[in-house]
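In what follows, chains are A, B, ... by sequence order, proteins preceding strands, each numbered from 1. Please read all numbers here as calculations on a predicted model, not as lab measurements.
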Protein chains: 2
Amino acid sequence: MSDLLARLRARRWRLTAQRRVVAQVLDGDHVHFTAEEIHARAAALLPEISRATVYNTLGELVAIGEVLEVSTDGRAKRYDPNAHHAHQHLVCDSCGTIRDVHPSVDPLVGLPTAERYGFTVSRVAVTYRGLCPDCAAGSAGAASALTDAEA
Amino acid sequence: MSDLLARLRARRWRLTAQRRVVAQVLDGDHVHFTAEEIHARAAALLPEISRATVYNTLGELVAIGEVLEVSTDGRAKRYDPNAHHAHQHLVCDSCGTIRDVHPSVDPLVGLPTAERYGFTVSRVAVTYRGLCPDCAAGSAGAASALTDAEA
DNA sequence: CTGTTGACTTAGACAGTGTCTAAGGTAGGG
DNA sequence: CCCTACCTTAGACACTGTCTAAGTCAACAG
Ligand SMILES: [Mn+2]
Ligand SMILES: [Mn+2]
Ligand SMILES: [Zn+2]
Ligand SMILES: [Zn+2]
């Protein structure tokens with residue numbers, strides 16, 4: 001991710017302050033922020049950045065394959081800068097934590113040709129759900145953690 | 001699904017006309033309607049049924065495990081009455097068609113304990129994406145099909 | 001059969017997420 | 001240093017889902 005700006009320059013993107021801060025917020029690998037979270041963090045660095053610009057920039061990063069969209073629930077999409085290493089996600093049903101995981105077998109091999117109904121299958125998204133270690137120990141703390149996260 | 005009403009009676013549900021038509025709309029297995037689609041079909045049978053009641057009823061059916069929620073994209077959730085036979089989904093990127101598929105191996109076995117980070121994993125959702133046979137043959141027709149579906 | 005009552009339904013307001021438009025601003029080439 | 005095409009902005013709008021207060025009725029008791 002550290003040379004994302006170089007790659008964007010190579011794509012002849014205009015390097016604006018807004019795009020720089022969005023890239024900077026996404027710079028830590030293994031994050032899965034919502035657009036609003038990214039906007040809040042970007043605004044801490046560049047207060048006048050608008051919601052529309054964050055959505056525009058994220059949409060462009062997704063379109064060129066530098067960022068992945070992750071829809072784990074029916075809530076806001078999450079944006080994943082770890083786009084250059086195929087992986088899947090492990091989600092806690094209680095607190096919503098998301099972790100990257102790397103299954104030992106390609107999830108595509110589980111689907112025989114006979115079960116593809118003529119589809120040309122090119123991608124597969126796997127979401128493993130359960131409880132994280134913190135939430136598994138004491139559901140009261142788990143519930144409040146979720147409440148905190150949603151507040 | 002045909003004895004869904006019997007199961008609801010056994011759970012001491014009040015059998016209202018509204019709940020009956022929602023159950024009737026979901027009666028055909030292998031459908032994946034949005035709440036709005038279910039409301040439209042239910043209203044064709046019982047014109048005065050409200051959106052709120054459709055959402056309430058679907059939420060209750062999901063809570064008791066008679067219907068599954070499916071979030072394939074960031075759009076509206078889809079409601080799946082095929083809850084008594086574990087399956088996964090195959091989605092066309094172009095027209096949005098959803099098909100039930102039955103992988104030959106349990107998707108959970110692909111995730112070794114070492115990759116679970118202490119999580120207690122209880123469920124897994126797999127979404128296979130690609131192009132359906134119709135859309136693979138001629139992307140113009142495919143694009144218009146998606147436009148139609150969204151209109 | 002009839003009356004009672006708590007569960008159910010309703011319209012519409014509201015909230016969260018994402019898209020669009022028109023007007024103004026600016027990065028980068030010349 | 002100027003231009004101009006591309007970018008950003010505020011805010012309106014659309015879609016999806018939730019909530020509330022008031023009215024209605026399914027089921028049961030008598
Ligand atoms: Mn990830
Ligand atoms: Mn299904
Ligand atoms: Zn947790
Ligand atoms: Zn298709």
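- Taking only distance into account, the side chain of Arg14(B) meets the base of dA7(C) through a donor-acceptor pair shorter than 3.5 Å.
- Contact annotation: Ser50(B) does not reach the phosphate of dT9(C) (side-chain N/O to OP1 or OP2, under 4.0 Å).
- Side chains of Asp80(A) and His30(A): a donor-acceptor N/O pair is absent below 3.5 angstrom, by distance only.
- Put simply, CZ on Arg78(B) is 15 Å from P on dC15(D), counting in whole angstrom units.
- As judged by a 4.0 angstrom heavy-atom cut-off over every strand, Arg51(A) is placed among the base-contacting residues.
- Listed for the Arg116(A) side chain is a donor-acceptor partner under 3.5 Å among the backbone atoms of Leu111(A).
- Ring geometry for His32(B) versus His89(B): interplanar angle over 60°, hence perpendicular rather than tilted (30 to 60°).
- Using a cutoff of 4.0 Å between basic side-chain nitrogens and carboxylate oxygens, Arg78(A) and Glu69(A) are not scored as salt-bridged.
- If you check every strand for non-hydrogen atoms under 4.0 Å, Glu36(B) touches nothing.
- The side chain of Ala35(A) lies closest to dG18(C) when the candidates are dT9(C), dG18(C), dT8(D).
- Counting to the nearest Å, the C1' atom of dC15(D) and the NZ atom of Lys77(B) are 14 Å from each other.
- Close to dG18(C), at under 4.0 Å from its OP1 or OP2, lies a side-chain N or O of Tyr55(A).
- Atom-to-atom, CD of Glu60(A) to C1' of dC6(D) comes out at 10 Å; the value is rounded to the nearest Å.
- Per the geometry, CG belonging to Leu58(B) stands 14 Å off P belonging to dT16(D), to the nearest Å.
- Each of dG17(D), dT8(D), dT9(C) was ranked by its minimum atom distance to the side chain of Asn56(B); first place goes to dT9(C).
- Between Gln18(B) and dC25(D), a side-chain N or O to OP1/OP2 separation shorter than 4.0 Å is absent.
- Taking the nucleotide of DNA chain D with the nearest heavy atom to each of Arg12(A) and Gly74(A), the more 5' of the two is matched to Arg12(A).
- When rounded to the nearest whole Å, the span between CZ of Arg20(A) and P of dC7(D) equals 14 Å.
- Rounding to whole angstrom units, CH2 of residue Trp13(A) and C1' of dT26(C) are separated by 17 Å.
- OP1 or OP2 of dT9(C) sits under 4.0 Å from a side-chain N or O of Thr16(B).
- Residue Ala52(A) has its side chain nearest to dC20(C) when only dT10(C), dC20(C), dT16(D) are considered.
- In this structure, the side chain of Glu115(B) does not engage the main chain of Pro112(B) through any donor-acceptor pair within 3.5 Å.
- Nucleic acid contact class of Ala76(B) (heavy atoms, under 4.0 Å, all strands): sugar-phosphate only.
- Summarising the geometry, the separation between CG on Leu15(A) and P on dG29(C) is reported as 11 Å, rounded to the nearest angstrom.
- The CZ-P distance, from Phe33(B) to dT16(D), rounds to 16 Å in whole Å.
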